[in-house]
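Structure, as structure tokens:
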Amino acid sequence: LAAAFRLIPTDIRSLDDQAITVNGALSADDPIWIEGDFRPESAVRATGRLSIAGPGRYYWSGAIEGTATVPCRRCLTDTTVKVAENVHVLFADAGDEFDDPEVYEIAAKARTLDLRPAVREQWLLAVPRFPVCREDCKGLCPSCGA
């Protein structure tokens, strides 16, 4: 069973029978992104497999990929970087006692699962913070700033 979507809430009622394939994209202009995020240049592709991991628990194992523009750590020129990361995410009913920040809470007895918050967080963790525009970048001059 394949789920093709734009990473809108996914119906999880069918997971009791079998896992579903995740194959979608989180748009760069989706309202999930907030000011200050390293937003993707275009949609973030999300793929993988979503399965049941026990009563009220769901496991997504897959990957995200896309491109982002971030400043070069040496010269501050905008630099396009490719972002590709394997993801392993656990979702659990809000009633479960979890102190683990890596577990995403879902409403008890939920019928749908919104993957967007997990994709956003995994994206933000995967975007390189200190890329260089090129290996031989000399950076800014400490005297004149050029």
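Clustering ILVMFWY residues whenever any of their side-chain heavy atoms sit less than 4.5 angstrom apart, transitively, puts Val127 in a cluster other than the one holding Val132.
In terms of heavy atoms, Leu76 sits closest to Pro71 at O-CB, 4.0 Å. When every heavy atom of Cys133 is checked against every heavy atom of Cys72, the shortest pair comes out as N-SG, 3.3 Å. Among all heavy-atom pairs drawn from Ala118 and Trp60, the shortest one is CB-CZ3, 4.5 Å. Residue Ala28 comes nearest to Pro40 through the heavy atom pair CB-O, 3.4 Å, listed as atom of the first residue, atom of the second, then distance. The nearest pair of heavy atoms linking Thr79 to Thr77 is OG1-O, 3.0 Å.
Annotation: the span from Leu124 atom CG to Arg129 atom CZ amounts to 6.5 Å, rounded to 0.5 Å. Between Asn23 atom CG and Arg49 atom CZ the span is 14.5 Å, to the nearest 0.5 Å. Note: Phe91 CZ to Leu115 CG = 5.0 Å, rounded to the nearest 0.5 Å. Separation of atoms CZ (Phe38) and CG (Leu125) is listed at 12.5 Å; rounding is to 0.5 Å. With rounding to the nearest 0.5 Å, the separation of OG in Ser42 from CG in Leu26 is 11.0 Å. Atoms CD and CD1, on Gln122 and Ile64 in that order, are 6.0 Å from each other to the nearest 0.5 Å.
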List, one per line, each side-chain donor-acceptor pair under 3.5 Å for residues 135-142, sequence neighbours excluded.
{"from": "Asp136", "atom 1": "OD1", "to": "Arg134", "atom 2": "NE", "distance (Å)": "3.0"}

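The backbone N or O of Glu85 lies less than 3.5 Å from no partner atom in the side chain of Trp123, so there is not a single donor-acceptor pair. Remark: the backbone N or O of Ala25 is not paired with any side-chain donor or acceptor of Ser27 at under 3.5 angstrom.
Among residue pairs with one or both ends in residues 63-76, those qualifying as side-chain hydrogen bond (donor to acceptor under 3.5 Å, both in side chains) are Glu41-Thr67, Glu41-Thr69; sequence neighbours excluded.
Using a 4.5 Å cut-off on side-chain heavy atoms (C-beta onward), Arg120 and Ile34 make contact. Taking the side chain as every heavy atom from C-beta outward, Ile106 and Asp93 approach each other to under 4.5 Å. Put simply, the side chain of Tyr104 does not reach to within 4.5 Å of the side chain of Asp114, judged on heavy atoms. Residues Val83 and Pro128 are in side-chain contact: their nearest non-hydrogen atoms beyond the backbone lie under 4.5 Å apart. Within the 4.5 Å cutoff, the side chain of Tyr58 has heavy atoms near those of the Ile52 side chain.
Residues passing the ring-ring contact (aromatic ring centres under 6.0 Å, His included) test with Tyr59, sequence neighbours excluded: none.
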